[in-house]
Amino acid sequence: MSFTIEFQPLGIRLVCGEPFTLLEAARQAGISLRSDCGGAGICGKCAVQIFSTPNKYPPTDTEKTFFTETQLADGLRLACETIVENDLKVQVPSGSVIEGQVLQVEGSQDSIQPDPLIFQKMVRLDEANLNNLASDFTRLQQASEIKSLTANLEVLRRIPDLLRKNNWQANLIIREKELVNLTGQSLLKLLGLAVDVGSTKLACYLMNLETGEVLATKGVPNPQIAYGEDIMARLAFAIKGKDEANTLHSLLMQSINQAAAELCAQIGLSSAEITDACLVGNTAMHHFFLNLPAESLAFSPFVPAVSNSLNPLSSEIGLDAMPGSHVYAPAVIAGFVGSDHLAFLLAEGFSENNRVCLGIDIGTNTEIALQNGSRLVSVSTASGPAFEGAHIRFGMRAAPGAIEHVSIDQQGKAQIQVIGGQSPTGICGSGILDAVSEMRRLGILNHRGRMDKSAPGIRLDDQGKPYFILAESDRQITLSQNDIDQILLAKGAIRAGIDVLMDYLKVKPEEIQEVLIAGAFGSYMRPEHAMRIGMLPEIPLGRVRAVGNAAGAGARMMLISKTIREKAEKLAKRVEYLELTVYPEFSMFYARGIQA
Ligand code: FES
């Protein structure tokens with residue numbers, strides 16, 4: 001009897017025919033799991049987290065020496081001590097792998113003048129005496145020269161003690177007209193945190209608010225992946241009850257807090273010195289990090305609980321930052337088109353001109369915007385996680401060992417390029433796209449996406465089903481008809497979204513002046529292959545540009561500039577949302593889009 005072990009967040013699945021340890025399984029799957037002691041149970045480096053069924057794997061005495069009771073209850077185990085014989089989903093912490101997933105944090109960003117909401121001001125007060133009976137806060141207001149300065153109760157409680165211990169001096173941290181906090185000394189840097197909360201990854205940026213300098217960056221996997229690759233699966237989990245919703249919120253905030261703490265530590269500071277933050281994400285992620293009820297998003301007509309911008313206290317959403325500081329959560333557009341899309345449009349200057357421009361952010365949910373003159377319309381299409389390797393037999397995310405590019409010769413032999421230059425362990429989205437495009441060019445696939453059983457490079461399995469061999473080294477990597485179908489469905493959803501927008505705004509492909517493709521997949525994919533298989537309309541290649549993590553760039557811009565936040569507020573009102581499923585020709589465009 002065979003069973004499947006799924007390793008997240010890499011998205012690698014291994015089909016096993018006999019029981020063996022998780023460490024051995026990871027090796028067979030080509031995952032560089034740390035095992036400093038070679039599996040002797042001595043080093044504790046091979047820690048993994050078992051989801052759903054940790055009770056089926058009672059901790060061994062060795063594991064009890066490495067993990068606390070809470071960690072064991074959370075499913076932490078040693079891979080070398082855990083013998084698996086049934087289906088299992090395992091989370092591999094980033095610290096347990098030798099080389100991590102490629103998580104793109106780079107993106108273009110206009111150099112903008114910092115214009116932060118936060119500033120600091122050192123003030124000296126006259127000591128209270130019988131001739132000056134004004135309250136401590138009144139005198140702080142006068143010294144700040146902001147008469148309407150406000151402060152919450154927590155801050156007001158701290159003022160008397162700090163003033164008296166600090167010889168009547170204080171450094172005020174002010175957010176517009178609100179006293180966020182006060183310190184004894186000036187802060188070396190006013191720190192800000194921008195995060196693009198993606199369904200798959202979290203891109204975190206630590207910034208100097210006064211200079212606009214990016215001080216440190218970090219990409220980490222979204223830990224919610226263990227509860228579903230796509231957002232509908234996570235929404236289905238979240239609406240089971242308050243505990244489940246809190247679990248998804250807490251997981252997210254723990255990862256963001258950990259990443260932020262590491263970024264701060266890199267420059268010798270701490271999270272408590274983060275004075276402002278900006279978090280963006282699709283509508284589901286937005287609801288998860290704000291811990292908003294997600295029921296209305298889980299069912300048609302998929303209405304957000306809140307769509308306008310919010311400024312909660314960081315403590316209200318569990319973000320580790322300076323007490324009293326706020327988080328800016330920009331507006332979401334509608335449906336699943338969230339604030340990450342707004343940030344993308346902002347970063348790429350959609351608010352600045354009226355050119356005919358197509359913007360595509362490819363992910364599990366793909367958001368697409370088309371601008372034509374003064375009209376700017378966006379859609380969201382459920383392209384699914386196939387381009388991130390899910391539902392593909394040897395699929396994996398872009399990580400060392402992933403085949404990222406493929407070309408095929410006339411004899412049907414594949415030439416591959418592997419991330420990290422090592423033996424291939426799987427194939428990521430850009431590699432699959434190349435392979436499908438090449439197979440189509442050579443007639444190995446027909447226009448309906450069916451494999452030609454007699455074509456070069458095609459072999460038949462025991463049941464006579466065709467498959468194509470991409471690599472045969474330590475591990476045979478193949479593409480099956482089902483894999484091809486998954487990719488065609490994903491690219492069909494994207495193309496249908498583009499076609500609906502072009503139809504709605506009466507734009508022909510040749511009229512599109514620029515195509516901007518965001519996201520890690522967009523950076524790796526070859527536009528000519530995307531056009532050959534019909535994912536993109538036929539547009540001169542020079543007009544297609546990969547823009548990296550544009551949502552992250554937009555979040556950084558909003559973090560450091562209140563002028564940009566004002567632009568974002570206006571842009572959110574300008575973007576029209578179009579619901580694809582009610583567009584009359586959507587089914588026709590989708591049926592056409594899934595052809596090879
Ligand atoms: S490999 Fe060292 S404890 Fe598992």
Side-chain angles (χ1 to χ4, degrees), residues 2-103 218-223 225-227 251 254-255 258-259 261-262 265 389 394 396-402 418-426 473-475:
S2 69
F3 55 96
T4 303
I5 304 174
E6 185 177 322
F7 293 94
Q8 292 293 1
L10 290 168
I12 295 178
R13 292 161 193 78
L14 183 77
V15 178
C16 315
E18 59 186 74
F20 44 39
T21 66
L22 268 178
L23 181 61
E24 181 55 32
R27 285 172 178 156
Q28 289 202 16
I31 298 168
S32 310
L33 199 63
R34 290 188 68 178
S35 53
D36 299 13
C37 68
I42 297 168
C43 70
K45 293 289 194 298
C46 62
V48 293
Q49 191 174 13
I50 291 171
F51 281 102
S52 314
T53 56
N55 291 344
K56 284 191 184 167
Y57 298 88
T60 61
D61 289 342
T62 307
E63 287 168 329
K64 286 178 188 167
T65 65
F66 283 108
F67 304 117
T68 64
E69 280 188 18
T70 311
Q71 288 174 322
L72 291 169
D74 285 344
L76 275 173
R77 298 288 186 274
L78 294 176
C80 64
E81 291 270 307
T82 307
I83 296 171
V84 191
E85 41 196 345
N86 291 301
D87 287 352
L88 189 66
K89 194 184 255 193
V90 177
Q91 178 84 0
V92 183
S94 58
S96 297
V97 276
I98 296 165
E99 294 159 302
Q101 184 182 347
V102 177
L103 294 170
K218 189 171 179 65
V220 293
N222 184 328
I225 284 175
Y227 293 88
L251 272 176
Q254 278 167 17
S255 282
Q258 190 179 338
E262 287 172 24
F394 290 98
M396 61 184 287
R397 297 201 178 86
V418 181
I419 297 177
Q422 59 208 64
S423 291
T425 51
S473 49
D474 301 349
R475 195 181 186 213

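Both counts, for ligands and for their atoms, begin at 1 and track the order of listing. Since this is a predicted model, take the numbers as computed values, not measurements.
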Quick check on contacts: which atoms of ligand 1 are under 4.0 angstrom from a heavy atom of [X]?
X	answer
Gly41	3 (S)
Ile42	3 (S)
Cys46	1 (S), 3 (S), 4 (Fe)
Cys80	1 (S), 3 (S), 4 (Fe)

Are any of the side-chain heavy atoms of Lys218 and Val220 separated by less than 4.5 Å?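 Side-chain contact under 4.5 Å: yes.
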Could you check if a side-chain atom of Ile50 sits within less than 4.5 angstrom of a side-chain atom of Gln91, using non-hydrogen atoms only? no
Would you sort out whether Val90 and Arg77 count as a side-chain contact (heavy atoms from CB on, under 4.5 Å), showing the intermediate values? CA-CA 10 Å; Val90 177; Arg77 298 288 186 274; over 6 Å; no
Backbone of Gly41 reached by a side-chain donor or acceptor of Glu81 within 3.5 Å: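 Looks like no, no N/O pair under 3.5 Å.
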